[in-house]
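In what follows, residues are counted from 1 in the order of the sequence shown.
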Amino acid sequence: MTGPARRYRVALLGNGIRASLSPALHMTEARHLGLDYEYRTVDLIDRTAVDLGGELRRLEDDGYAATNVTHPFKQSVLDHVTDLSPTVRRLGSANLVLLGSGRRVAHNTDCPGFRGALASFLAAGGAEAGAGSEAGTVLQVGAGGAGLATVAALLDLGFDTVVVHDAVPAAVAALLDRFAAVPPPRLLPSGGALDAWLPRVDGVVHVTPVGMAEHPGVALDVDRLAPTAWVAEVVYRPLETELLRRARARGLATLDGGGMAVGQAAESLRLITGLEPDTARMHAHFRRLVAGPDAPAGPDPLEA
């Protein structure tokens, strides 16, 4: 006779998160893993003043094993934890805090989530030229919060050069300052010359809100990319953004935003439970959630 299922209570702290897909994604996979797993959102958007330390204490007192953290608390939560993972120390932001035993350990699963998704895409032949190899030059368009995680992933994957562009030059400067230990030419600013860089790169990672349902449009001209270039997206509402639609119409290889969304959720589950999620199963479930007729327009990793 088998014993009772291992029980976990997990939360998500953030603003405007009532429509998040995280509860369904986590709990469905946890059931497949044989766990008694409760995941609830704690939406703090209506609070005039948030006592983040107090929120963490309440979760601890209620027996929660962990909490995911999203906008706008990914940096401020670091003032209320006892330990930082190496990735959090590197990026200065966290999206998961493990609770219990008198300690709070901050992790960032966005970076390994995107890194794993992009590595799998390239290894599977995601680009005609250099598929399965990360050598070459990548242009990242967007230097906001999620851009920290994606730049770190690109550097970890060993690309020769990572060029960062943003409509706000100060955002690029702040990102480069965070990675000051990485010298040029491995990490470079675009110098505002987006169009000049496009024909010269092997791949593009798009990390801005442009393309979301609330921010329609495209952030770059895919017609200027080489025919062997690939395009990776972080936006997943909609899953096929206008950028990806145009890239696919040109015959370019593409990775949609579900890669990072599922990757970070799977890594969170792994850290919380010590079990190995089935990422293919999670991807299939995620796509059903996004495509569902009643799927709400919830938060995006770009809120980081």
Side-chain angles (χ1 to χ4, degrees), residues 10 12 14 16-33 35 37 39 41 68 70 95-96 109-127 131 146 149-150 153 203-216 218 230-249 251-270 272-273 275-304:
V10 180
L12 171 64
I17 57 173
R18 290 185 179 93
S20 173
L21 299 181
S22 292
L25 193 60
H26 273 244
M27 289 192 292
T28 298
E29 181 59 22
R31 283 196 295 273
H32 282 295
L33 297 174
L35 303 175
Y37 195 101
Y39 190 113
T41 58
N68 281 122
T70 189
N95 71 329
L96 173 67
T109 69
D110 290 331
C111 178
F114 180 75
R115 183 177 63 229
L118 184 60
S120 295
F121 164 73
L122 294 172
T150 51
V204 173
V205 177
H206 174 242
V207 200
T208 86
V210 178
M212 294 174 65
E214 301 84 358
H215 304 280
V218 292
W230 50 264
V231 177
E233 176 70 273
V234 171
V235 171
Y236 66 84
R237 294 282 188 86
L239 201 54
E240 182 177 67
T241 60
E242 181 65 16
L243 173 65
L244 293 187
R245 189 190 68 77
R246 294 186 184 186
R248 289 167 182 163
L252 306 183
T254 61
L255 174 66
D256 64 47
M260 182 174 179
V262 172
Q264 66 82 18
E267 182 66 15
S268 290
L269 269 169
R270 187 180 297 113
I272 294 166
T273 69
L275 300 178
E276 189 66 31
D278 185 326
T279 55
R281 184 167 59 204
M282 291 183 71
H283 272 287
H285 181 217
F286 174 81
R287 291 175 189 282
R288 289 195 299 272
L289 290 171
V290 172
D294 299 320
D300 188 277
L302 293 169
E303 294 178 330

Side chain proximity check, [X] to [Y], heavy atoms < 4.5 angstrom:
X	Y	value
His285	Val262	no
Leu12	Thr70	yes
Glu276	Arg270	yes
His32	Thr28	yes
Tyr37	His26	yes

Do Glu214 and Arg237 sit within salt-bridge range, that is, some charged N less than 4.0 Å from a carboxylate O?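 Judged by the 4.0 Å cut-off on N to carboxylate O distance, Glu214 and Arg237 do not form a salt bridge.
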Is a salt bridge present between Arg287 and Asp256, judged by a nitrogen-to-oxygen distance below 4.0 Å?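 So Arg287 pairs with Asp256 through a salt bridge.
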When you measure from the side chain of [X] to the backbone of [Y], do you find a donor-acceptor pair of N or O atoms at a distance under 3.5 Å?
X	Y	value
Glu267	Gln264	no
Glu242	Pro216	no
Asn68	Leu96	no

State the [atom1]-[atom2] distance between [X] and [Y], to the nearest 0.5 angstrom.
X	Y	atom1	atom2	answer
Leu255	Leu244	CG	CG	8.5 Å
Thr150	Leu118	OG1	CG	10.0 Å
Thr41	Ile17	OG1	CD1	5.0 Å

So which of Val205, Thr241, Leu252 actually passes side chain to side chain contact (heavy atoms under 4.5 Å, CB included) with Val231?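 So, applying the side chain to side chain contact (heavy atoms under 4.5 Å, CB included) to Val231 and each of Val205, Thr241, Leu252, only Leu252 qualifies.
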Shortest non-hydrogen contact from [X] to [Y]?
X	Y	answer
Ser22	Tyr39	CB-OH, 3.6 Å
Phe114	Ala153	CD2-CB, 3.7 Å
Gly211	Pro238	O-CD, 3.4 Å
Val290	Leu21	CG2-CD1, 3.9 Å
Met282	Ala265	CE-CB, 4.0 Å
Asp110	Ala149	CB-CB, 3.8 Å

Just do the side-chain contact (heavy atoms from CB on, under 4.5 Å) check on Glu233 and Thr254 with the steps written out, would you? CA-CA 8 Å; Glu233 176 70 273; Thr254 61; over 6 Å; no
Quick one about Ser268 and Thr109 (side-chain donor to acceptor, distance below 3.5 Å, no hydrogens or angles considered), yes or no?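 Side-chain D/A pair, Thr109 to Ser268: present.
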Do Thr208 and His206 meet the criterion of a side-chain donor-acceptor pair at a distance under 3.5 Å?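 Side chains of Thr208 and His206: pair found under 3.5 Å.
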Applying side-chain contact (heavy atoms from CB on, under 4.5 Å), run through Leu239 and Phe286 and close with a yes or a no. CA-CA 10 Å; Leu239 201 54; Phe286 174 81; 3.9 Å; yes
